[in-house]
Structures are given as C-alpha cells and as structure tokens.
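One structure below.
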Amino acid sequence: WNAGAGWNPIASFTGNLNGLGNTVSGLTISRTATNNIGLINALTGDVRNIGFSSVNITGRDFTGGLASTFATGTIANTYVSGSIVGQNTTGGLIGNMTSGTASNVYTTGTINGSLYANAGGVVGYMTGGTISGSGSGMNVTASSASGGLVGKNNGGTITNSFATGNVAATSGPGFVSAAGGLVGINTGTSSISNSRASGNIVGNGFSTGGLVGQHDASATISNSYYNGTSITGYLNVGGLVGLSAGTISNSYVTSSAVVHGAQEVGGFIGDTNSGSVTSGSYSAATVYGEQTGAGSQNDIGGFVGRINNGVNASGNYATGNVTGGSNVGGFVGGIYGGTLTGVHATGNVYGSRADSTNGGGLVGYAVTSIALSKSWASGNVVWGTTGFANAGGLAGNINTPGTIDQSFATGNVQGGTGNVGGFVGTNNATISNSYATGNVTGQAGAWTGGFAGANWATITKSYATGTATGG
C-alpha cells in the first residue's frame with residue numbers, strides 16, 4: 001500500500017499513548033530516500049504498555065522502530081521486534097534521543113545502518129535523557145559507532161540496562177569503527193552504570209570493546225561488565241573498552257571472554273590516553289595479539305594493551321593468559337608514562353613468534369617514565385627462542401628511568417638469546433625492596449640472571465632465589 005512505501009509516519013505526537021498491553025503487528029515502512037522514519041516522526045509525549053512485533057522498516061537518516069526523534073516525555077513498558085534499516089542514526093526504538101526517559105523497554109531483531117554511523121539496539125544517537133531498566137537483543141551493524149544498546153551516547157545516562165546481541169562495525173583499518181557491546185561511542189558527559197553486554201563484537205578498524213568501543217574524556221563507566229565470549233578488532237581492542245580517555249570504576253570482564261586484535265589489545269582496555277581506572281576493576285579474559293608479520297602484535301596486555309600519558313590504573317588486576325609478538329605483559333603490554341600501584345597479574349605470558357621481544361609477567365615494555373610499587377606477577381613467561389627477547393618475571397624491558405619498589409615475581413621465565421631475568425629482562429629504573437623466586441632459562445648467548453638479565457641502574461634491598469641457566 002502507498003505504492004509500496006507502507007506506513008506514512010505521524011509528523012508529531014505530544015499526547016499520551018497507552019497501549020494497555022496490546023501489540024501492533026507487521027508495521028511496514030519502505031522509504032529508503034526519506035529521512036525521519038518511524039511510526040512517529042517527532043515524539044514529545046508519553047508511550048506506554050505497547051508492543052510492535054514483526055516490524056519491517058527502512059528509511060534514510062534518523063530511523064527508529066517507534067520514533068525518528070524523541071525529545072521529551074516517557075517511553076515505558078514498550079518493545080519492538082523485527083528488522084530496521086537506515087543510513088545515519090538508526091535505532092531499534094528511537095533514531096535520535098535528545099531528552100526524556102526510556103524505562104523498561106526492549107528490542108529484538110536486526111539493525112542495519114552499515115552505510116554510515118550511529119546504530120543502536122534501542123537508540124541510534126543519544127544526546128540527553130535516560131535509559132533505565134532496559135535491554136536489547138538486536139544484532140547491530142553499522143559503518144561506525146555501532147552499539148548493542150546505543151550507537152553513540154553524547155550526554156545521556158544509561159543505568160541498569162543490558163545488551164545481548166552481536167555487534168559489528170564495518171569501517172576498515174585506518175578508520176574509527178567504534179564497536180561496543182552496549183555503546184559504540186560514549187562521549188561528552190555521558191554515564192553508564194550497573195549495565196552489561198554479552199554479544200560477540202567485531203570491529204574492522206579502531207576502537208572495539210566488549211561494553212564500549214570508544215570512551216572519551218568526561219564520560220564515566222561504573223559497576224558494569226562484559227560476560228560474552230568474543231571481542232575481535234584491529235587496533236585498540238579491549239574486553240570492556242577499546243579506547244579510553246574517561247573514568248572507569250568497579251567494572252570487570254569475565255573468564256568467558258576471548259579478546260583478539262592486532263595492536264593495543266587488552267583484557268580490560270585496549271588503549272588508555274589520559275584516563276583513569278579506579279581501584280576495584282579486573283579482567284579474567286584470555287588475550288591474543290594475532291596479526292602476522294614482524295613488528296605487529298604490539299602492546300598486548302592482560303588488563304590494558306597500552307598506557308599513555310600518566311594514566312592511573314592502580315589497584316586493579318588481571319588473571320587471563322596473554323599471547324603476543326612484542327611488548328606483551330600479564331597486566332600491561334606497553335606503558336608510555338604512568339603510575340601503577342597495587343596491581344597484579346596471575347596469567348601466563350607467551351611470545352607468539354620465535355623472534356618475540358619484551359615480555360613480562362606484569363609489564364612488557366616501559367618507556368618515557370614509570371612509577372611501579374606494591375605490585376606483583378605470578379604467571380610464567382615463555383618467550384621467543386631466537387632474536388633479542390627481553391623477558392622477565394615482572395617486566396620484560398624497562399627502557400626508561402623510573403622507580404620500582406616493593407614488588408615481586410614468582411613465575412618461571414624462559415627466554416631466547418636476549419636479556420632474561422627472574423624479575424626483569426632489561427632494566428634502566430631504580431629498583432628497591434623487591435624479589436623474584438622463579439627459575440630462569442635463557443638460550444646460548446643470552447644475558448641470564450636470577451633477578452635481572454641486564455641492568456643499567458641501581459638495585460637495592462632486592463634478591464632472587466630461583467636458579468638461572470643458559471647464556
């Protein structure tokens with residue numbers, strides 16, 4: 001009907017729609033060249049107690065199952081199921097949400113906004129308002145800013161909500177894809193609390209995370225988690241967040257998760273830049289750096305792949321095994337200036353290539369500056385059998401002045417022909433009040449030591465009890 005275009009959206013609705021528990025079935029709209037598509041174009045009223053099943057909606061920009069735009073009012077006890085296709089800003093319930101409250105809403109089916117950005121299982125683009133007690137089982141695909149619940153959150157509040165659908169962002173290497181199990185991009189003064197995601201996440205470009213793809217400065221995440229099985233991306237790939245400059249607290253990733261990526265890959269965060277993770281967060285994910293070729297698989301960590309610019313990640317821990325090619329650590333792969341206090345890692349660390357370099361039970365590689373204290377690692381470090389390895393029970397290569405105090409390593413270390421130590425492979429920092437107990441094995445020609453393979457700084461009040469062989 002309507003020459004194949006189907007339903008003509010209501011231009012605006014400002015009243016109170018109470019569906020009394022009824023369901024509208026088979027809503028069909030096919031307007032591929034038309035913006036502002038949904039049952040309603042502009043919603044500024046209340047919608048309650050109604051369902052929309054087997055919808056089949058196609059629009060251009062600002063497309064939603066219930067409304068194109070939601071500016072004020074309340075949507076409660078409402079669900080949408082079916083297929084929704086749009087180009088830019090596509091949501092299972094709402095395309096663009098600027099204010100109002102969505103409470104106890106649910107969506108299921110598929111969202112396809114693959115030509116452009118901002119696709120979410122409930123809301124495509126959120127600049128204000130609150131989503132609470134809501135969820136989505138939608139499988140979501142977009143070019144970028146693809147999220148299981150919200151594509152891009154720029155100032156809204158999400159609390160006590162979840163997403164279980166699979167999420168994909170199709171922008172390739174060299175572009176920000178920003179795929180997140182709950183939110184693709186969390187920016188501005190946005191907040192996420194007491195929420196979770198469990199779908200499989202795939203991002204072909206930058207910033208892929210189990211909960212959030214890209215988490216910007218001023219945004220917050222608290223008491224939230226990822227408990228799915230697979231996060232796969234290229235650069236900035238994390239079990240909870242791909243790329244983070246915001247604040248995260250009391251959140252975690254379960255042992256069911258496996259994180260795959262090429263560079264800057266972490267069990268909790270792929271890459272942090274001037275953000276913070278306050279005490280009480282952890283990752284139990286297994287982490288793999290999996291791009292082939294020399295120089296790839298860089299900055300791979302059990303908790304965070306890469307730490308930049310003095311990021312505070314103190315009081316947190318990782319328990320999963322970590323495998324990578326270069327700069328690989330049980331807690332952090334590469335630290336480029338930062339402070340770590342009271343962190344630990346218990347997973348084993350493996351070099352994925354014969355020429356793997358810079359592997360440590362806690363820290364793979366440190367440069368610019370480091371202040372590490374009251375921290376430890378217990379996993380074994382099994383590193384490359386050829387090449388210049390730099391393998392250590394706590395750290396592979398501390399290539400910067402700094403301080404390490406009151407820390408220890410208990411795992412065994414197997415290295416190649418480089419510098420292999422029970423505590424540190426290569427050291428340029430001042431170390432005090434620390435120890436190592438693991439056994440150390442290096443190949444012929446390696447510099448092998450029970451505490452340090454090669455040391456260019458001061459070590460005081462420290463010791464090793466393991467045996468050292470090779471070299």
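Remember, predicted model here, so these are calculated numbers, not experimental data. The figures that follow rest on heavy atoms only: side chains count, while hydrogens, waters and symmetry mates do not.
- Between Asn428 and Thr400, the closest side-chain pair of non-hydrogen atoms is not below 4.5 Å.
- Formation of a donor-acceptor pair under 3.5 Å by the Ser283 side chain with backbone atoms of Gly267 is found in this model.
- His260 is not listed as a side-chain neighbour of Ile231, based on a closest heavy-atom distance of 4.5 Å or more.
- Applying side-chain contact (heavy atoms from CB on, under 4.5 Å) to Leu240 and the options Val259, Val212, Ile269, Ile248 leaves one that passes, Ile248.
- Within the 3.5 Å criterion, the main-chain N or O of Gly280 finds a donor-acceptor partner in the side chain of Asn316.
- Separation of atoms OG (Ser326) and CD (Gln263) is listed at 9.5 Å; rounding is to 0.5 Å.
- Between Tyr106 atom OH and Thr164 atom OG1 the span is 4.5 Å, to the nearest 0.5 Å.
- Looking at Asn153 and Tyr125, their side chains never bring a donor and an acceptor atom within 3.5 Å of each other.
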| Can you check side chain to side chain contact (heavy atoms under 4.5 Å, CB included) on Thr448 and Thr469, steps first, answer last? | CA-CA 7 Å; Thr448 304; Thr469 59; over 6 Å; no

| query | Hey, mind stepping through Val258 and Tyr288 against side chain to side chain contact (heavy atoms under 4.5 Å, CB included) and telling me if it holds? | reply | CA-CA 8 Å; Val258 179; Tyr288 293 97; 3.8 Å; yes

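- Of the options Tyr226, Phe303, Tyr317, a ring-ring contact (aromatic ring centres under 6.0 Å, His included) to Tyr282 is made by Tyr317 and by none of the others.
- Inspection of the Thr229 and Asn200 side chains reveals an N or O donor paired with an N or O acceptor under 3.5 Å.
- Residues Ile221 and Asn186 are in side-chain contact: their nearest non-hydrogen atoms beyond the backbone lie under 4.5 Å apart.
- Remark: the Ser256 side chain and the Thr254 side chain contain an N/O donor-acceptor pair separated by less than 3.5 Å.
- Here the side chain of His215 pairs no donor or acceptor atom with the backbone of Ala245 at under 3.5 angstrom.
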| request: Could you please spell out the steps behind the side chain to side chain contact (heavy atoms under 4.5 Å, CB included) verdict for Val183 and Leu211? | output: CA-CA 6 Å; Val183 175; Leu211 191 81; over 6 Å; no

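- Distance check, rounded to the nearest 0.5 Å: CG of Asn160 to OG of Ser134 gives 9.5 Å.
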| task | Starting from the C-alpha separation in whole Å, work towards a yes-or-no answer on side chain to side chain donor-acceptor pair (under 3.5 Å) for Asn327 and Asn298. | result | CA-CA 6 Å; Asn327 305 345; Asn298 296 328; 5.2 Å; no

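- A distance of 7.5 Å separates CE of Met126 from OG of Ser190, quoted to the nearest 0.5 Å.
- Proximity of Thr208 to Ser177: side-chain heavy atoms (C-beta onward) are separated by under 4.5 Å at one or more points.
- When every heavy atom of Ser136 is checked against every heavy atom of Thr107, the shortest pair comes out as OG-OG1, 2.8 Å.
- Relative orientation of the Tyr252 and Tyr225 rings is parallel, given thresholds of 30° and 60° on the angle between their planes.
- Among Ser432, Ser375, Ser462, the single residue meeting the side-chain hydrogen bond (donor to acceptor under 3.5 Å, both in side chains) criterion with Asp405 is Ser432.
- Although no hydrogens or angles enter the test, the distance criterion places no donor-acceptor pair under 3.5 Å between the side chain of Ser249 and the main chain of Thr278.
- Ser255 places no side-chain N or O within donor-acceptor distance of the main-chain N or O of Ala285, the cut-off being under 3.5 Å.
- Here the side chain of Ser356 pairs a donor or acceptor atom with the backbone of Arg353 at under 3.5 angstrom.
- Checked options Phe408, Tyr435, Phe423; the residue passing with Trp376 is Phe408 (criterion: ring-ring contact (aromatic ring centres under 6.0 Å, His included)).
- Without hydrogens or angle criteria, Thr89 side chain to Phe62 main chain gives no donor-acceptor distance under 3.5 Å.
- Using modelled atom types and a 3.5 Å distance limit, the side chains of Thr220 and Ser191 yield no donor-acceptor pair.
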| task | Test side chain to side chain donor-acceptor pair (under 3.5 Å) on Ser103 and Thr101 and set out the steps. | result | CA-CA 6 Å; Ser103 175; Thr101 298; over 6 Å; no

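- Counting heavy atoms from C-beta outward, Thr141 and Thr170 have side chains that approach closer than 4.5 Å.
- Each of Asn390, Val420, Val328, Val413 was checked for a side-chain contact (heavy atoms from CB on, under 4.5 Å) with Trp383, and the lone residue meeting it is Val328.
- Results of the side-chain hydrogen bond (donor to acceptor under 3.5 Å, both in side chains) test with Tyr365 over Asn358, Asn399, Asn397 single out Asn399 as the only residue that passes.
- Pairing each heavy atom of Gly121 with each of Ile111, the nearest pair is CA-CG1, 4.5 Å.
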| task | Please lay out, stage by stage, how Gln214 and Asp216 fare under the test side chain to side chain donor-acceptor pair (under 3.5 Å). | result | CA-CA 6 Å; Gln214 179 175 310; Asp216 291 340; 3.1 Å; yes

| request: Would you please test Asn236 and Glu264 for side chain to side chain donor-acceptor pair (under 3.5 Å) and show each step? | output: CA-CA 5 Å; Asn236 315 137; Glu264 299 169 16; 2.5 Å; yes

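- Here the side chain of Ser352 pairs a donor or acceptor atom with the backbone of Gly324 at under 3.5 angstrom.
- Taking the side chain as every heavy atom from C-beta outward, Thr426 and Trp447 never approach each other to under 4.5 Å.
- Separating the CZ atom in Phe162 from the CG atom in Asn194 is a distance of 14.0 Å, to the nearest 0.5 Å.
- Of the inter-residue distances, the one linking Ser369 atom OG with Ile398 atom CD1 reads 11.0 Å to the nearest 0.5 angstrom.
- Between Thr90 and Ile84, some side-chain heavy-atom pair lies under the 4.5 Å cut-off.
- No donor-acceptor pair under 3.5 Å is formed between the side chain of Ser146 and the backbone N or O of Ala169.
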| request: Take Val105 and Val122, measure what side chain to side chain contact (heavy atoms under 4.5 Å, CB included) needs, and give me the verdict at the end. | output: CA-CA 8 Å; Val105 302; Val122 171; 4.2 Å; yes

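- Using a 4.5 Å heavy-atom cutoff, the side chains of Asn321 and Val287 are not in contact.
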